[in-house]
Visitor: 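The structure under discussion is supplied below as structure tokens; questions concerning it will follow.
Just so it is clear: chains get the letters A, B, ... in the order the sequence lines come, proteins before strands, and each one is counted from 1.
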Amino acid sequence: MPEIIPPEYWQRRTTLALARNLLGKFLVRANGEARMITEVEAYDGESDLASHARAGRTRRTAVMYGPGGTWYVYLCYGVHEMLNLVVGPKDWPAAVLIRGVEGCHGPGRVTRALGIDRQLNGTKSHPAFGLWLEDRGVKVPRRLVHATPRIGVDYAGPVWAKKPWRFYFDPAELPAAARKRAATANSSRPARRAKRAAGS
DNA sequence: TACTCGATCGGA
DNA sequence: CCGATCGAGTAA
């Protein structure tokens with residue numbers, strides 16, 4: 001039932017729709033850890049003054065110009081690794097920042113919790129690289145998805161700083177069936193690992 | 001090469 | 001409210 005989402009899925013338009021689609025999907029690591037995405041932020045095109053791509057194509061932003069389904073990981077404030085998924089077709093610089101997963105809020109905390117760093121920058125969302133996305137059957141109803149301005153982008157000026165491109169939802173508000181699916185998906189693999197570890 | 005400033009977080 | 005901590009981008 002868990003379905004690995006191929007990188008190509010993220011290569012279409014539009015950035016905002018793909019950002020919302022990311023909610024309820026699972027970030028999965030090679031060690032079996034899986035976390036449901038609950039909060040994201042979209043960065044779309046060079047005209048978006050909050051985006052790193054506002055500076056155009058540079059060594060740092062080159063990955064954003066690549067095809068969707070690629071990880072963009074960078075160091076923020078010299079301290080925090082930030083995980084983004086590049087979205088959209090090749091040559092359109094856009095990315096979605098993973099700001100939160102179930103039980104873990106804050107982009108810097110998400111990467112720390114999952115052991116993600118810049119080594120993954122430029123790799124695809126695919127098991128071959130140790131970090132990928134799965135659809136585990138959790139559908140997030142539209143009415144549960146909230147949109148607000150993005151966090152920490154005042155430098156972008158009033159127009160772009162106010163774009164309501166941060167999306168999040170509360171897993172506790174999911175319908176019972178979806179909540180159960182999310183809980184099962186979250187616990188199954190780690191539980192098996194825990195048992196193995198305890199037995200050995 | 002020098003300088004500025006972060007898509008943040010935790011502690012005072 | 002402030003310091004940490006370092007690399008990208010820009011100007012020189």
Side-chain angles (χ1 to χ4, degrees), chain A residues 7 10-11 13-27 29 33 35-89 91-125 131-133 140 145-170:
Chain A
W10 309 104
Q11 291 172 12
R13 296 272 228 144
T14 63
T15 299
L16 296 190
L18 291 175
R20 284 185 290 253
N21 282 354
L22 223 28
L23 295 176
K25 301 301 187 294
F26 282 75
L27 263 181
R29 293 239 63 184
E33 200 161 347
R35 303 283 211 122
M36 184 169 68
I37 296 170
T38 58
E39 181 183 348
V40 299
E41 250 173 28
Y43 292 84
D44 192 35
E46 293 180 348
S47 60
D48 177 2
L49 297 185
S51 173
H52 291 162
R54 66 186 180 278
R57 199 169 203 137
T58 65
R59 189 163 62 231
R60 181 204 205 180
T61 62
V63 62
M64 293 183 75
Y65 289 77
T70 305
W71 299 118
Y72 169 38
V73 188
Y74 69 93
L75 186 65
C76 187
Y77 292 98
V79 179
H80 308 287
E81 308 282 342
M82 306 290 268
L83 174 67
N84 296 252
L85 180 69
V86 174
V87 297
D91 293 328
W92 179 261
V96 179
L97 171 66
I98 311 298
R99 290 195 61 89
V101 295
E102 189 166 17
C104 181
H105 301 289
R109 293 174 187 155
V110 168
T111 54
R112 188 155 49 84
L114 290 171
I116 292 164
D117 62 29
R118 285 162 289 171
Q119 289 187 351
L120 285 165
N121 186 47
T123 66
K124 296 280 191 184
S125 168
L131 178 67
W132 66 96
L133 292 159
V140 182
V145 178
H146 303 272
T148 78
R150 293 169 290 184
I151 306 297
V153 295
D154 288 345
Y155 59 80
V159 173
W160 293 97
K162 286 177 183 167
K163 297 281 184 188
W165 289 357
R166 166 178 173 248
F167 305 102
Y168 68 94
F169 77 102
D170 181 357

Visitor: Parallel, tilted or perpendicular, judged at 30° and 60°: which one describes the rings of A/His146 and A/Tyr168?
Guide: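 Taking A/Tyr168 first and then A/His146, their aromatic rings lie parallel (interplane angle under 30°).
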
Visitor: Applying a 4.0 Å non-hydrogen cut-off, can you work out what A/Arg112 is touching in the nucleic acid: base, sugar-phosphate, or nothing?
Guide: sugar-phosphate

Visitor: Starting at CZ of A/Arg29, measure out to CZ of A/Arg35 and round the result to the nearest 0.5 Å.
Guide: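 A/Arg29 CZ to A/Arg35 CZ: 12.5 Å, rounded to 0.5 Å.
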
Visitor: When you measure from the side chain of A/Glu81 to the backbone N and O of A/Thr111, does any donor-acceptor pair fall under 3.5 Å?
Guide: no

Visitor: Walking along DNA chain B from 5' to 3', note the first and the last nucleotide with an atom under 4.0 Å from a heavy atom of chain A, and give both.
Guide: B/dG6 to B/dG10

Visitor: Between A/Arg57 and A/Asp91, does any side-chain N to carboxylate O distance fall below 4.0 Å?
Guide: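 A salt bridge links A/Arg57 with A/Asp91.
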
Visitor: Please give the distance between the P atoms of B/dC5 and C/dA12 as a whole number of Å.
Guide: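 Going atom to atom, P in each nucleotide, I get 14 Å.
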
Visitor: Does the pair A/Arg112/A/Asp117 count as a salt bridge with the N-to-O cut at 4.0 Å?
Guide: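 Looking at A/Asp117 together with A/Arg112, the answer is no, because their closest N to O distance does not fall below 4.0 Å.
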
Visitor: Among A/Asn21, A/Leu16, A/Val140, which one satisfies side chain to side chain contact (heavy atoms under 4.5 Å, CB included) with A/Phe167?
Guide: A/Leu16

Visitor: Quick one: do A/Glu46 and A/Arg54 make a salt bridge, cutoff under 4.0 Å?
Guide: no

Visitor: Determine the Euclidean distance between corresponding P atoms of C/dT10 and B/dA7; express it in Å to zero decimal places.
Guide: 13 Å

Visitor: Does this structure show an ion pair linking A/Glu41 with A/Arg99, if we count only N-O contacts that are shorter than 4.0 Å?
Guide: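 Yes, charged N to carboxylate O under 4.0 Å.
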
Visitor: May I ask you to establish whether A/Arg118 and A/Tyr74 are in a cation-pi arrangement, using a distance under 6.0 Å from NZ or CZ to the six-membered ring centre and at most 45° from the ring axis?
Guide: no

Visitor: I need a per-nucleotide contact map over nucleotides 3-12 of chain C, read 5' to 3'. Cutoff is protein heavy atoms under 4.0 Å; write B for the base, S for backbone only, - otherwise.
Guide: -BBBSSSS--

Visitor: In this structure, which stretches of DNA chain B are paired as stems of three or more consecutive Watson-Crick or G-U pairs, both distances less than 3.5 Å?
Guide: B:1-6 with C:6-11, B:8-11 with C:1-4

Visitor: Testing the basics here: between A/Ser125 and A/Pro7, what is the closest heavy-atom pair and its distance to 0.1 Å?
Guide: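 For A/Ser125 versus A/Pro7, the nearest heavy atoms are O-CG, 3.6 Å.
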
